[in-house]
Number of protein chains: 2
Amino acid sequence: MRTGLTIGDFSRITHLSVKMLRRYHEAGLLEPAEVDPSSGYRYYTTAQVPTAQVIHRFRELGMPVREIGRILSTPDPEARALLVAEHLRRVELQLESTRSAVATLRRLLVPTGTPVEVDLRTRPPTRAVAIGATVVRDQVVAWYDEAMTELDATLAAAGLEPSGPHGGLYDDTLFTDGHGHALVYIPVHVPASAGGRVRTVTLPAAELAVTVHHGPHDDIDVTYGVLGTYIAEQAITVSGPVHEIYVVGPRDTPDASAWRTEIGWPVFRTWAGQPSASGAAREADPVGPSEGWPRPSARG
Amino acid sequence: MRTGLTIGDFSRITHLSVKMLRRYHEAGLLEPAEVDPSSGYRYYTTAQVPTAQVIHRFRELGMPVREIGRILSTPDPEARALLVAEHLRRVELQLESTRSAVATLRRLLVPTGTPVEVDLRTRPPTRAVAIGATVVRDQVVAWYDEAMTELDATLAAAGLEPSGPHGGLYDDTLFTDGHGHALVYIPVHVPASAGGRVRTVTLPAAELAVTVHHGPHDDIDVTYGVLGTYIAEQAITVSGPVHEIYVVGPRDTPDASAWRTEIGWPVFRTWAGQPSASGAAREADPVGPSEGWPRPSARG
DNA sequence: GTTGACCCTTCCCCCGGAGGAGACACCACC
DNA sequence: GGTGGTGTCTCCTCCGGGGGAAGGGTCAAC
């Protein structure tokens, strides 16, 4: 055991490929017990086998190499367990979403000629407490949960009751570019004292093409497709962020199949047509830093 | 609708990013309905929305782009459904393996001081029907299932009974390089008439360090680690392919926790020590094209 | 001492993406 | 008919986690 195990021996024992062992060395995940300074040969010891096994499992679970490094270099077992638990939670979430993607796919492949029900409707100006931020697409759900919790707390602290269902406005660049501005809100009658990220805003009036999505949000894209198809075929010009209203949502019932989500697509801008569009009104612009609504783009 | 939807419009409708739409075009997955020859602008139609949705789901399920292409270009709906079902089966398998990787990880992180039980044992020369092939590591399980089924069928056709539990020999390059030769066998007393890939071979006698793995094979690596550690610490020289014997396996009970797998690591070669090692004996070399056993490599 | 297996580094490829740069196209508005 | 602001084009680089090959040094069994 003087020189320890060569990389090949260690590979046979741990079932990690030689290539990966070298990579893990480079990345600082699994330092060989000894490296011959002249030849560069890596020598491992049997004591490193369990570490290698752990690395192997983490990689199997899709954990990025650098995160494994962070975990392995966390001395405090408590903190380490936390990091691990957090990732396992992420894995569970991913399992769930894979499961539902399978279900959605099955549904897509057996197309049911669902009749499209699209309303053209005017959204009145709506007073609401809101949180807005620029977010990345795959973090939008987590961000939504967090923001909505904060809004709930704000309302509770102020002793206010919502005057309608929760909702959100989403910049379309979220979908075209993968990141954009989003705003979630709870409608209220009286303004709340804004604290922190929470602002009191007025959603501007808008003409919306609205349809209702039933069930969990995993396949809400399909409903978006239906709505978008309708809009395009009606040759309506689209403009501005999309509006989602969680008529029945996770806050109402845990039974996802009972959820109802209204999707509203602004079909022409009412914003710039308002008096003093660029003055006081812009002050209340709920979507944030953008310069008013983007101009229409559909060529229908 | 003369010119159709621009890539941006289509992106908003389908929630696929512009970038990905271009990529899918390039890959032939989603050909725009029209491409302006002078400007190169892509124009889509609403009829393409469902296709885009399907592509989205397939990607969510981790299906490689070229496989999606194959599916979409398969005209026969039956054949297409088959391809889809096959991939969904793979996804299910992967879900399962993820689940068990989580379990294994949990076990690894709460290390139990399991006592190591390793036997040094001589494997007698064993007559068997076998199938050998050079395989890639992540296909070895599927290959095993298929080959073992063929062996079962061969024995049934010949009216022969196994004289012991199924087993396999696995080149260690499978682990160090990710691919190598593997051989699965069923021991028999009398030679069967070899048909197709099935050969009748004699596993050579060998000195093995043997330990038993309990439970499903997902965490068999851990037992390999224990065995390898033992061998390394005993300063025993390792040589030749590893030997697995499925004492209790999926063919005996579906209850994976009841499985027992013997892992045998040859600790020095008996092969080259045999008379006429390179002549008739090599003829029966069960592991195939390699030039006899590799020489010992552990430097313990 | 020879020799074959082993190990080293470096470079390139693959896949599925993300992002940017620079140039051109489109179209609403004036 | 201009013109400016977006939208879109292509091409390039980079990333992570791998696989493979080339070319040369090392080790130890014989």
Side-chain angles (χ1 to χ4, degrees), chain A residues 3 5-12 16-27 29 32 35-44 55-56 58-60 62-69 136-138 172-173 176-179 237 239 268-269 272 290-299, chain B residues 3 5-12 16-27 29 32 35-44 55 58-60 62-69 136-138 172-173 176-179 237 239 268-269 272 290-300:
Chain A
T3 51
L5 303 162
T6 68
I7 199 171
D9 298 332
F10 197 69
S11 164
R12 274 181 282 273
L16 272 67
S17 75
V18 169
K19 205 91 180 197
M20 287 306 99
L21 287 175
R22 286 201 268 255
R23 177 184 297 274
Y24 295 156
H25 177 199
E26 241 178 301
L29 283 196
V35 178
D36 185 314
S38 71
S39 70
Y41 274 33
R42 298 167 175 87
Y43 295 103
Y44 297 82
I55 292 175
H56 187 183
F58 278 136
R59 281 301 305 132
E60 268 186 340
M63 182 179 289
V65 166
R66 42 184 62 218
E67 191 170 354
I68 300 179
V136 182
R137 172 144 54 157
D138 39 332
D172 49 17
T173 59
T176 57
D177 295 350
H179 46 76
T237 295
S239 139
F268 39 78
R269 55 184 165 158
S290 72
E291 306 297 315
W293 299 145
R295 51 176 59 189
S297 72
R299 290 188 183 74
Chain B
T3 51
L5 304 163
T6 68
I7 199 170
D9 298 332
F10 197 69
S11 163
R12 274 181 282 274
L16 271 67
S17 75
V18 170
K19 211 89 183 191
M20 287 305 100
L21 287 175
R22 284 202 268 259
R23 175 183 297 275
Y24 295 156
H25 177 198
E26 243 178 298
L29 283 196
V35 178
D36 186 314
S38 71
S39 69
Y41 273 34
R42 298 166 174 86
Y43 295 103
Y44 297 82
I55 291 175
F58 277 137
R59 282 298 307 132
E60 271 186 341
M63 182 180 289
V65 167
R66 40 185 63 222
E67 191 170 353
I68 300 180
V136 183
R137 173 147 51 160
D138 38 332
D172 49 19
T173 60
T176 57
D177 294 350
H179 47 77
T237 295
S239 138
F268 38 79
R269 56 183 165 157
S290 72
E291 306 297 315
W293 299 144
R295 50 177 59 192
S297 75
R299 291 185 180 75

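Naming: A, B, ... by sequence-line order, numbering from 1 per chain.
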Fill in: Rounded interatomic separation in angstrom, taking CG from B/L21 and C1' from D/dG7
14 Å
Discussion item. Looking at the base of C/dC6, is there any donor atom on it, or on the side chain of A/Y41, that sits under 3.5 Å from an acceptor on the other one?
Written reply: yes
Discussion item. Whole angstroms only, please: what is the CG-P distance between A/D36 and C/dC7?
Written reply: 13 Å
Discussion item. For D/dG25 and A/S39 - does any side-chain N or O of the residue sit under 4.0 Å from the phosphate oxygens OP1/OP2?
Written reply: no
Worksheet item: Can you list the steps and then say if A/Y43 with A/T6 is a side-chain contact (heavy atoms from CB on, under 4.5 Å)?
Response: CA-CA 5 Å; A/Y43 295 103; A/T6 68; 4.1 Å; yes
Fill in: Partner set under side chain to side chain contact (heavy atoms under 4.5 Å, CB included) for B/T176, not counting sequence neighbours
A/S11, A/R12, A/V18, B/T173
Output a table of nitrogen or oxygen pairs between the protein and nucleotides 1-3 of chain D separated by less than 3.5 Å.
none

Worksheet entry | Between C1' of C/dA25 and CD1 of B/I7, the distance in whole Å | 14 Å
Worksheet item: Mind checking what makes side chain to side chain contact (heavy atoms under 4.5 Å, CB included) contact with B/M63, not counting sequence neighbours?
Response: B/F58, B/E67, B/I68, B/I71, B/H87
Worksheet item: Rounding to a whole Å, what distance do you find between A/E26:CD and C/dC11:C1'?
Response: 13 Å
Practice prompt. Would you please name every residue forming a ring-ring contact (aromatic ring centres under 6.0 Å, His included) with B/Y24, sequence neighbours left out?
Written response: none
Discussion item. Can you tell me whether the side chain of B/Y24 and the base of C/dG16 have a donor-acceptor pair closer than 3.5 Å?
Written reply: no
Worksheet item: For the residue pair B/P32 and B/H25, what are the closest heavy atoms and their distance?
Response: CD-CD2, 3.3 Å
Worksheet item: Rounded to the nearest 0.5 Å, how far does CZ of A/R42 lie from CG of A/D36?
Response: 11.5 Å
Practice prompt. State which of D/dC27, C/dC6, C/dG17 makes the closest approach to the side chain of A/Y43.
Written response: D/dC27
Worksheet item: side chain to side chain donor-acceptor pair (under 3.5 Å) with A/D177: which residues, sequence neighbours excluded?
Response: none
Practice prompt. Check every strand shown and say whether A/V18 touches a base, only sugar-phosphate, or nothing at a heavy-atom separation below 4.0 Å.
Written response: nothing
Fill in: 5'-most by nearest nucleotide on DNA chain D - A/S38 or A/P64
A/P64
Worksheet item: Do any side-chain nitrogens or oxygens of B/R42 fall under 4.0 Å of OP1 or OP2 in D/dT10?
Response: yes
When you compare the protein's N or O atoms with those of nucleotides 18-22 of chain C, which come within less than 3.5 Å of each other, and at what distance?
| residue | atom | partner | partner atom | Å |
| --- | --- | --- | --- | --- |
| C/dG19 | N7 | B/K19 | NZ | 2.6 |
| C/dG19 | O6 | B/K19 | NZ | 3.2 |
| C/dG20 | O6 | B/K19 | NZ | 3.0 |

Worksheet item: Nearest 0.5 Å, what's the CZ-CG distance between A/R22 and A/L16?
Response: 13.0 Å
Discussion item. Taking any heavy-atom pair under 4.0 Å as a contact, classify B/R22: base, sugar-phosphate, or nothing.
Written reply: base
Worksheet item: Start at the 5' end of DNA chain C and walk down; is the nucleotide closest to B/M63 or to A/G40 reached first?
Response: A/G40
Worksheet entry | Nearest-angstrom distance from the residue atom NE2 of B/H25 to P of C/dG17 | 18 Å
